[in-house]
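Since the structure comes first, as structure tokens, the remarks are kept for the end.
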Amino acid sequence: MELRDGVIGLRPIRQRDQRAWQEASRRNRDWLRRWEATVPPTPPGRITGPRPSYRQMVRYLRHEAAAGRMLPFVLTYKEQLVGQLTVGGITWGSMCSANIGYWIDEAVAGRGIMPTAVALATDHCFHGLGLHRIEVCIRPENGPSRRVVEKLGFRSEGMRPRYLHIDGDWRDHLVYALTAEEVPEGLLRRWRTR
Ligand SMILES: CC(C)(COP(=O)(O)OP(=O)(O)OC[C@H]1O[C@@H](n2cnc3c(N)ncnc32)[C@H](O)[C@@H]1OP(=O)(O)O)[C@@H](O)C(=O)NCCC(=O)NCCS
């Protein structure tokens, strides 16, 4: 599945993106650290391995995608890999919901690329997959990320205390959400014609 709006694209992450992904991750280490998911210390006696390699990460993401639980995209701008957007936690039944997480290379931040990518992914979730609700959880101190969802018109639903383990500790998160009936015209169209 590939999604595109002009020079902005989303396509499934691949093993052969390794070099570009690692290069972008290395250059953006400081830029991303405060917002990066971490794993809490494990209880005594439970054995875990080291941080997964790129190959292990992609294998896991593609396995989750094959099971229908995730859409792991890389973000491209003028055909270059500039970030990642992951639709995760896809849940059906009476919920029909998913969450979205993302990051972009600092070198191309501030051009409205991520709002466009989130709009593309959200429209695909609503109209391609048939999901009903998309959620984005953001640390209160992450002003740029809050601007992404606020510009797109996601509703603020309040705070989840100590919700996710980010940058080495449990962090409070603001919840933003959108349901399909709130954007009958499509989120990308609404974003483009705002
Ligand atoms: C959050 C993030 C994805 C935004 O992507 P983006 O493509 O830059 O989004 P936008 O262009 O819409 O900019 C969003 C806001 O970032 C800020 N911004 C603009 N240029 C910027 C720059 N060069 N550097 C940093 N922030 C900038 C502005 O506040 C902007 O809001 P505005 O449009 O009202 O001025 C990006 O900042 C990022 O990857 N941050 C680090 C990882 C992260 O926070 N991930 C999300 C975790 S919930």
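Throughout, numbering of the chain's residues begins at 1 and tracks the sequence. Small disclaimer: the values here were computed from a predicted structure and weren't measured. Remember, it's 1-based here, ligands and their atoms both numbered in the order they're listed.
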Look at ligand 1 and say whether Lys151 reaches it with a heavy atom at a distance under 4.0 Å. yes

Could you tell me the residue and atom name of the protein heavy atom closest to atom 11 (O) of ligand 1, and the distance to it rounded to 0.1 Å? Gly112 N, 2.7 Å

of all protein heavy atoms, closest to atom 46 (C) of ligand 1 is Tyr102 O, 3.2 Å

Do Trp103 and Glu36 have side-chain atoms, one donor and one acceptor, less than 3.5 Å apart? no

Identify, for atom 17 (C) of ligand 1, the protein heavy atom at the shortest distance, and state residue, atom and that distance. Pro144 CB, 4.0 Å

Side chain, backbone, both or neither: which applies to Leu32 and ligand 1 if a contact is any heavy-atom pair less than 4.0 Å apart? side chain

With a 3.5 Å distance limit and no angle check, can you tell me whether Arg27 reaches the backbone of Gln22 through a side-chain donor-acceptor pair? no

Side chains of Thr38 and His165: is there a donor and an acceptor less than 3.5 Å apart? yes

Hey, does Ser145 come in under 3.5 Å of ligand 1, counting only N/O atoms on both sides? no

When you compare the side chains of Ser145 and Trp35, does any donor N or O come within less than 3.5 Å of an acceptor on the partner? no

Assigning hydrophobic clusters by single linkage (Ile, Leu, Val, Met, Phe, Trp, Tyr; side-chain heavy-atom cutoff under 4.5 Å), is Leu3 placed with Leu81? no

Any non-hydrogen protein atom below 4.0 Å of atom 27 (C) of ligand 1? no

Would you mind checking which non-hydrogen protein atom is closest to atom 8 (O) of ligand 1, with the distance to 0.1 Å? Gly110 N, 2.8 Å

Distance-only, no hydrogens or angles: does the Asp123 side chain make a donor-acceptor pair with backbone N or O of Leu188 under 3.5 Å? yes

of all protein heavy atoms, closest to atom 34 (O) of ligand 1 is Arg147 NE, 2.6 Å

Return the option from Ala109, Cys137, Ala107, Gly83 holding the heavy atom at the smallest distance from atom 23 (N) of ligand 1. Ala109

Measure the distance from atom 4 (C) of ligand 1 to every protein heavy atom, then report the residue, atom name and distance (to 0.1 Å) of the closest one. Val148 CG2, 3.6 Å

Kindly indicate, with the supporting measurements, whether the criterion side chain to side chain donor-acceptor pair (under 3.5 Å) is fulfilled by Tyr176 and Glu150. CA-CA 9 Å; Tyr176 291 86; Glu150 284 163 5; 3.1 Å; yes

For atom 37 (O) of ligand 1, which candidate among Tyr77, Trp31, Trp103, Trp35 provides the closest heavy atom? Trp31

May I ask you to identify, for Val136, whether its side chain, its backbone, both or neither come under 4.0 Å of ligand 1 on a heavy-atom basis? neither

Would you check, one step at a time, whether the test salt bridge (Lys or Arg N to Asp or Glu O under 4.0 Å) holds for Arg33 with Glu106? CA-CA 12 Å; Arg33 184 172 294 118; Glu106 186 178 8; over 6 Å; no

